[in-house]
Engineer: 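Got a structure for you, written out below as structure tokens; questions coming shortly.
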Amino acid sequence: MMGQFDKNALPVAIIGGGPVGLAAAAHLIKKGEKFIVLEAGESVGSSILEWGHVQMFSPWQYNIDQAAKELLENAGWTSPDEEALPTGRELVEKYLLPLSNLPEIKEQIMLQAKVVRVAKKAHDKLKTGKRDTVPFQLYVEANGDTTVIEAKAVIDSSGTWTNPNPMLSNGIWTNAERQLHNEIHYGIPNVVQLENRYQNKTTLVIGSGHSAINALLGLATLQQKYSDTKIYWVLRKKQIHEVYGGQENDGLAARGELGIRIQQLVESGRINILTPFHINGVYPTNDKITVVGELNGEEFTIGDIDEMVVSTGFRPDTSFLNEVRINLDSTVESIDTLAPLIDPNTLLG
Ligand SMILES: Cc1cc2nc3c(=O)[nH]c(=O)nc-3n(C[C@H](O)[C@H](O)[C@H](O)COP(=O)(O)OP(=O)(O)OC[C@H]3O[C@@H](n4cnc5c(N)ncnc54)[C@H](O)[C@@H]3O)c2cc1C
């Protein structure tokens, strides 16, 4: 016989100490619930710190959770200028770190604690039994050991940053792409800090979102200093102007500004644009990289590439949730209620 599960004795387990995980912690404090935050990185906001050099396009007022703000203000914290735009690093240093240092949160955070599996006690996925009444079990890698932590509920706020999409347009990871991990940066490289890596090199940037645009603007700045720096931009869009966005009419001025700056760069002719381009393969060739695909429906090869920046988006890593029953939208892999709000097919037509 399984012992009676005392719901109130166990905490809610929050996976990830990013803005969503810490906001969840603040809300649980307001509700008087016990919780524990399990964060894989050395610091809260560790995914954001990887793009800490990039300026956000939403001002502070949209980046601070209300429950978190109340807790912080009660402890004497002053909110940054609500209209100002933080960098990723500032978001962590001026908001997430002070929040995580509040005594009621600090004592409940485990850093360098990576959740690798989630299960229901004594109930594999197939077994219904008493699964609603038994605790969750989280397998947590910390200090070289795997510990099992029990929780009454689990909030997965592990984000998507650690799980980038590959470059192939069919979404498949190939061995060749994996082998090229030293030459490929997923996300937005800090080109200023990595001058040696990109100066006078040929770099191919893939993607049409703000990450790709930020990477291109960084590389273009480097190109002004090192004139042999060559930039290719590969996108799947039918027309380049589709990436310019609302510009002056954008609801977020900083996002509109990115559209204006990328249009200026495109019109300067300093980058080689290949669109619509669908990548079918990537191969290492004599210390360089070759990309093959279809440009406007015709086979096309780009050779002699030194470096690649792949900004084709990210998706949640749900592998550690395989053993629990979850319902995810089959397209965007979010919970069902969120899906129509973020599905690019519905949003962009
Ligand atoms: C360049 C860039 C600019 C952006 N600008 C804006 C903007 O201007 N406005 C805006 O609203 N949004 C912006 N975003 C998006 C915003 O950063 C994300 O929506 C936000 O960070 C999501 O928060 P999160 O807490 O869900 O995930 P994350 O910030 O990704 O945090 C997840 C945390 O979970 C941890 N983790 C992951 N897996 C595990 C595991 N298995 N076990 C334990 N811990 C784990 C990670 O280490 C990380 O600390 C931007 C994103 C990027 C990349």
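As the structure lists them, so they are numbered: ligands from 1, and atoms in each ligand from 1.
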Engineer: Please identify which of these residues, Glu150, Lys120, Lys121, meets the side chain to side chain donor-acceptor pair (under 3.5 Å) condition with Gln137.
Structural biologist: Glu150
Engineer: When you measure from the side chain of Asn272 to the backbone of Ile231, do you find a donor-acceptor pair of N or O atoms at a distance under 3.5 Å?
Structural biologist: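 Yes, the answer is positive, given that a donor and an acceptor are paired below the 3.5 Å cut-off.
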Engineer: Suppose we measure from atom 11 (O) of ligand 1 to each protein heavy atom; which comes out shortest, and what is that distance?
Structural biologist: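 Protein heavy atom with the smallest distance to atom 11 (O) of ligand 1: Ser58 OG, 3.5 Å.
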Engineer: Which residue and non-hydrogen atom of the protein lie closest to atom 8 (O) of ligand 1, and at what distance in Å?
Structural biologist: Phe57 N, 2.7 Å
Engineer: Is it true that Asn345 and Asp343 share a donor-acceptor pair across their side chains at a distance under 3.5 Å?
Structural biologist: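 Distance-only check passes for Asp343 and Asn345.
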Engineer: If you measure every N or O of Ser43 against every N or O of ligand 1, does any of those distances drop under 3.5 Å?
Structural biologist: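 No, there is no polar N/O contact under 3.5 Å.
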Engineer: Report whether Leu235 and Val266 are members of the same hydrophobic cluster (ILVMFWY, side-chain heavy atoms less than 4.5 Å apart, transitive linking).
Structural biologist: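 Same cluster.
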Engineer: Mark up the atoms of ligand 1 that fall under 4.0 Å of a heavy atom belonging to Ile48, in ascending order.
Structural biologist: 21 (O), 29 (O)
Engineer: Select one of side chain, backbone, both or neither to describe which atoms of Leu252 lie under 4.0 Å from any atom of ligand 1, heavy atoms only.
Structural biologist: neither
Engineer: Judging by distance only, is a nitrogen or oxygen of Ile188 under 3.5 angstrom from one on ligand 1?
Structural biologist: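 Between Ile188 and ligand 1, no N or O pair is found under 3.5 Å apart.
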Engineer: For the pair Thr318 (side chain) and Leu321 (backbone), establish whether a donor and an acceptor sit closer than 3.5 Å, ignoring hydrogens and angles.
Structural biologist: no
Engineer: Short check: is a protein heavy atom less than 4.0 Å from atom 14 (N) of ligand 1?
Structural biologist: no
Engineer: At what distance is the nearest protein heavy atom to atom 4 (C) of ligand 1, and which residue and atom is it?
Structural biologist: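 The answer is Trp51 CH2, 3.6 Å.
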Engineer: Give the atom numbers and elements of ligand 1 that come within less than 4.0 Å of a heavy atom of Trp161.
Structural biologist: 53 (C)
Engineer: Drop me the distance from Leu99's CG to Asn101's CG, to the nearest 0.5 angstrom.
Structural biologist: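 Nearest 0.5 Å value for the CG-CG distance: 9.0 Å.
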Engineer: Can you confirm whether the side chains of Tyr226 and Glu195 place a donor and an acceptor under 3.5 Å from each other?
Structural biologist: yes
Engineer: I'd like to know if atom 30 (O) of ligand 1 has any protein heavy atom within a distance of less than 4.0 Å.
Structural biologist: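 Under 4.0 Å from atom 30 (O) of ligand 1, at least one protein heavy atom found.
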Engineer: Atom 35 (C) of ligand 1: which protein heavy atom is closest, and how many Å away?
Structural biologist: Glu39 OE1, 3.3 Å
Engineer: Could you work out, for atom 45 (C) of ligand 1, the closest of Ala40, Gly21, Gly18 by heavy-atom distance?
Structural biologist: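 Among Ala40, Gly21, Gly18, the closest heavy atom to atom 45 (C) of ligand 1 comes from Ala40.
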Engineer: Before signing off on this row, confirm whether Val115 and ligand 1 have an N or O atom pair separated by under 3.5 Å.
Structural biologist: yes
Engineer: Of the protein's non-hydrogen atoms, which lies at the shortest distance from atom 20 (C) of ligand 1, and what is that distance?
Structural biologist: Pro19 CG, 4.0 Å
Engineer: Can you check whether a protein heavy atom sits less than 4.0 angstrom from atom 18 (C) of ligand 1?
Structural biologist: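 There is no protein heavy atom less than 4.0 Å from atom 18 (C) of ligand 1.
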Engineer: For ligand 1, which is the ligand I care about here, please tell me if Val54 has any N or O atom under 3.5 Å from one of the ligand's N or O atoms.
Structural biologist: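 No; every N/O pair is 3.5 Å or more apart.
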Engineer: Out of Ala24, Ala215, Ser311, Ser158, whose heavy atom sits nearest atom 39 (C) of ligand 1?
Structural biologist: Ser158
Engineer: Any protein heavy atom sitting closer than 4.0 Å to atom 33 (C) of ligand 1?
Structural biologist: yes
Engineer: Are a donor atom and an acceptor atom from the side chains of Asp304 and Thr202 found within less than 3.5 Å of each other?
Structural biologist: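 Looking only at side-chain atoms, Thr202 and Asp304 do not form any donor-acceptor pair under 3.5 Å.
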Engineer: Take the angle between the ring planes of Tyr95 and Trp60 and call it parallel below 30°, perpendicular above 60°, tilted in between.
Structural biologist: perpendicular
Engineer: Looking only at the side chains, is there a donor atom on one of His27 and Asp65 sitting less than 3.5 Å from an acceptor on the other?
Structural biologist: yes
Engineer: Given 3.5 Å as the limit, does a donor-acceptor pair link the side chain of Tyr232 with the main chain of Ile206, or not?
Structural biologist: no
Engineer: Taking NZ, NE, NH1 and NH2 as the nitrogens, is one of them in Glu104 or Lys34 under 4.0 Å from a carboxylate oxygen of the other?
Structural biologist: no
Engineer: Could you tell me whether Phe314 and Trp51 have their ring centroids closer than 6.0 angstrom?
Structural biologist: no
Engineer: Answer yes or no: does an N/O atom from Met56 fall short of 3.5 Å to an N/O atom of ligand 1?
Structural biologist: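 Min N/O separation from ligand 1 is not below 3.5 Å for Met56.
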Engineer: Just to check, does Ala113 reach to within less than 4.0 Å of ligand 1 when the distance is taken from its heavy atoms?
Structural biologist: yes
Engineer: Are any of the protein's heavy atoms under 4.0 angstrom from atom 48 (C) of ligand 1, yes or no?
Structural biologist: yes
Engineer: Starting from atom 26 (O) of ligand 1, which protein heavy atom do you reach first, and at what distance in Å?
Structural biologist: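 Nearest neighbour among protein heavy atoms for atom 26 (O) of ligand 1, to 0.1 Å: Val20 CG2, 3.3 Å.
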Engineer: Within a distance under 4.0 Å of any heavy atom of Ile15, pick out the atoms of ligand 1 and give their elements.
Structural biologist: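 Going through ligand 1 atom by atom, the ones under 4.0 Å from Ile15 are 40 (C), 42 (N), 43 (C).
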Engineer: Please report whether ligand 1 has a polar contact with Ser46, defined as an N or O pair separated by less than 3.5 Å (distance criterion only).
Structural biologist: yes
Engineer: Can a side-chain donor-acceptor contact be found between Thr128 and Arg325 if the only test is distance below 3.5 angstrom?
Structural biologist: yes
Engineer: Starting from atom 27 (O) of ligand 1, what is the nearest protein heavy atom, named by residue and atom, and what distance separates them?
Structural biologist: Gly159 CA, 3.5 Å
Engineer: Go through the steps for Asp329 and Ser334 under the test side chain to side chain donor-acceptor pair (under 3.5 Å), then give the verdict.
Structural biologist: CA-CA 6 Å; Asp329 178 77; Ser334 74; 5.5 Å; no
